[in-house]
Amino acid sequence: MDKAPLLQVSALCKSFGRRRQRTVALQGVDLAVGRGETLALAGASGSGKTTLARCLLRLIDPDSGAIQFDGIDLAGLSAGALRAIRPRVQMVFQDPMAAFNPRATVARIIEDPLRVHDLAPPAQRPAAVRDLLARVSLPVDIAERRAHEISGGQRQRVAIARAIATRPDLIVLDEPVSSLDVSIRAQILNLLMDIQDETGVSYLFISHDLAVVRAVARRVAVMEAGRIVESGEPSAVFAAPRARATLAMVQAVPQLRTATRA
Ligand SMILES: Nc1ncnc2c1ncn2[C@@H]1O[C@H](COP(=O)(O)OP(=O)(O)O)[C@@H](O)[C@H]1O
Ligand SMILES: [Mg+2]
């Protein structure tokens, strides 16, 4: 087995704006995600989680620091070299509507990465879409519907189908179940874990929900003001929170406090 982590982020910094409008979003983030592993990334709103995700996808450029992905420095990659890596890192957002073309059919949304990265000739794409829909347990007839015509849970399944279309090594999930009902939430988490078991894909799973973190990850990193302030096994981290952000997560779950007191 290759011991080097799939993703290694070192001293990553990013700020927005200038002078008095300046916001320092990331101030020296270090983290690693192993192959086939899920690292949960937690932290309050505004702590820099989405900015980190966007830097990893190179949707925005970090100011400094290194992003090693499978031995390649993503932070310093040219546009051409980046194109070759892009299919290997995918993202799922909290609100897939914002990421989908509202006029596109589900089939079009799912085959988009295959088309953009030229991974399947046009004649093979309908079959690829059917396979991907089956993979996320959606009926084939959903392929001709549009994103606003299906439920929130179905939409997130479509987002997952699109993310796995390129057979990525890493999927960054930015609060993927935060806007879903609890019952639907569990189904989506189970789907994600099944996909990981089958494919060995790694997840960087952003969530501020303690129950979700415990369900999906064996390691959690907590962010506060652009830094990782605490990390470890979720059970250990939540049993004795050291950072303010971790304490806030524990206090947001009343039944857990009751359970630990019993
Ligand atoms: N494009 C942007 N322009 C200016 N400030 C931004 C931008 N994106 C994020 N920020 C700021 O960076 C900080 C971190 O934001 P974000 O990464 O979205 O946090 P989180 O995802 O943890 O809620 C916040 O103060 C936010 O206002
Ligand atoms: Mg965010």
Side-chain angles (χ1 to χ4, degrees), residues 7 9-33 38-67 69 74-75 82 89-100 152 155-156 159-160 162-163 170-180 185 188-189 192 202-217 219-232 234 237-238 241-253:
L7 176 75
V9 174
S10 322
L12 203 71
C13 294
K14 175 71 184 176
S15 44
F16 296 101
R18 280 196 272 170
R19 301 209 193 133
R20 256 183 285 169
Q21 264 85 51
R22 192 172 148 92
T23 304
V24 182
L26 303 177
Q27 29 189 344
V29 170
D30 299 300
L31 61 80
V33 183
T38 299
L39 174 68
L41 182 65
S45 176
S47 58
K49 307 179 299 294
T50 296
T51 301
L52 174 62
R54 295 176 69 209
C55 286
L56 297 180
L57 276 281
R58 281 287 303 269
L59 299 172
I60 53 173
D61 291 332
D63 299 335
S64 60
I67 305 169
F69 174 76
L74 285 191
L82 195 58
V89 186
Q90 293 293 312
M91 187 150 176
V92 172
F93 300 89
Q94 174 176 350
D95 175 17
M97 269 317 264
F100 294 165
R155 234 177 263 147
Q156 210 48 305
I160 293 166
R162 179 171 70 167
L170 174 69
I171 304 179
V172 179
L173 304 122
D174 194 354
E175 316 224 12
V177 297
S178 302
S179 58
L180 301 176
R185 191 175 290 186
I188 298 292
L189 295 180
L192 287 168
S202 304
Y203 294 140
L204 179 64
F205 195 117
I206 299 174
S207 173
H208 61 267
D209 184 321
L210 184 148
V212 171
V213 168
R214 289 170 92 103
V216 298
R219 221 153 51 81
V220 60
V222 182
M223 267 184 103
E224 207 170 79
R227 287 198 182 86
I228 305 290
V229 289
E230 181 158 29
S231 65
V237 167
F238 295 131
R242 284 182 293 141
R244 246 185 337 185
T246 319
L247 188 61
M249 284 178 75
V250 173
Q251 285 173 340
V253 188

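This is a predicted model, so every value here is computed, not measured. Order of listing sets the numbers, starting from 1, for every ligand and every atom in it.
Checked against a 3.5 angstrom limit, the closest N/O atoms of F16 and ligand 1 fall outside it. For the pair S47 and ligand 1, the shortest N or O to N or O distance falls below 3.5 Å. Not one N or O of A25 is nearer than 3.5 Å to an N or O of ligand 1, by distance alone. Considering backbone and side-chain atoms alike, T23 places every N or O at 3.5 Å or more from each N or O of ligand 1.
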Checking side-chain contact (heavy atoms from CB on, under 4.5 Å) for the pair L74/L56: CA distance, chi angles, key distance, verdict? CA-CA 8 Å; L74 285 191; L56 297 180; 5.8 Å; no

For C55 and L26, what are the C-alpha separation, side-chain angles and deciding distance, and is it a side-chain contact (heavy atoms from CB on, under 4.5 Å)? CA-CA 10 Å; C55 286; L26 303 177; 4.1 Å; yes

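Given atom 18 (O) of ligand 1, the protein heavy atom at minimum distance is T50 CB, 3.8 Å. In this structure, atom 20 (P) of ligand 1 lies nearest to the protein heavy atom G46 N, 3.4 Å.
Assignment of A44 to the shell around ligand 1 is supported, since a heavy atom sits closer than 4.0 Å. Under the 4.0 angstrom criterion for non-hydrogen atoms, G17 is not in contact with ligand 1. Distances from ligand 1 to the non-hydrogen atoms of G43 include no value under 4.0 Å.
Between the side chain of Q27 and the backbone N or O of A225 there is at least one donor-acceptor pair closer than 3.5 Å. Listed for the K49 side chain is a donor-acceptor partner under 3.5 Å among the backbone atoms of G43. Here the side chain of R185 pairs a donor or acceptor atom with the backbone of V177 at under 3.5 angstrom.
For a distance bound of 2.8 Å, the N, O or S atoms of T51 include none lying that close to the Mg ion (ligand 2).
By the definition of a contact as any protein heavy atom under 4.0 Å away, atom 23 (O) of ligand 1 is in contact. Note that atom 13 (C) of ligand 1 has protein non-hydrogen atoms nearby, at separations under 4.0 angstrom.
Listed by number with element, the atoms of ligand 1 under 4.0 Å from a non-hydrogen atom of S45 are 23 (O). Close approach of ligand 1 to T51 is summarised as follows: ligand atoms under 4.0 Å from at least one heavy atom of the residue are 9 (C), 14 (C), 15 (O), 16 (P), 17 (O).
Of all non-hydrogen atoms in A66 and A75, the two that sit nearest each other are CA-CB, 4.4 Å.
The closest side-chain donor-acceptor pair between S179 and D95, if any, does not fall under 3.5 angstrom.
Counting heavy atoms from C-beta on, the side chains of L192 and V216 never come closer than 4.5 Å. In this structure, V89 and R58 have side chains that are not in contact, with every pair of non-hydrogen atoms separated by 4.5 Å or more.
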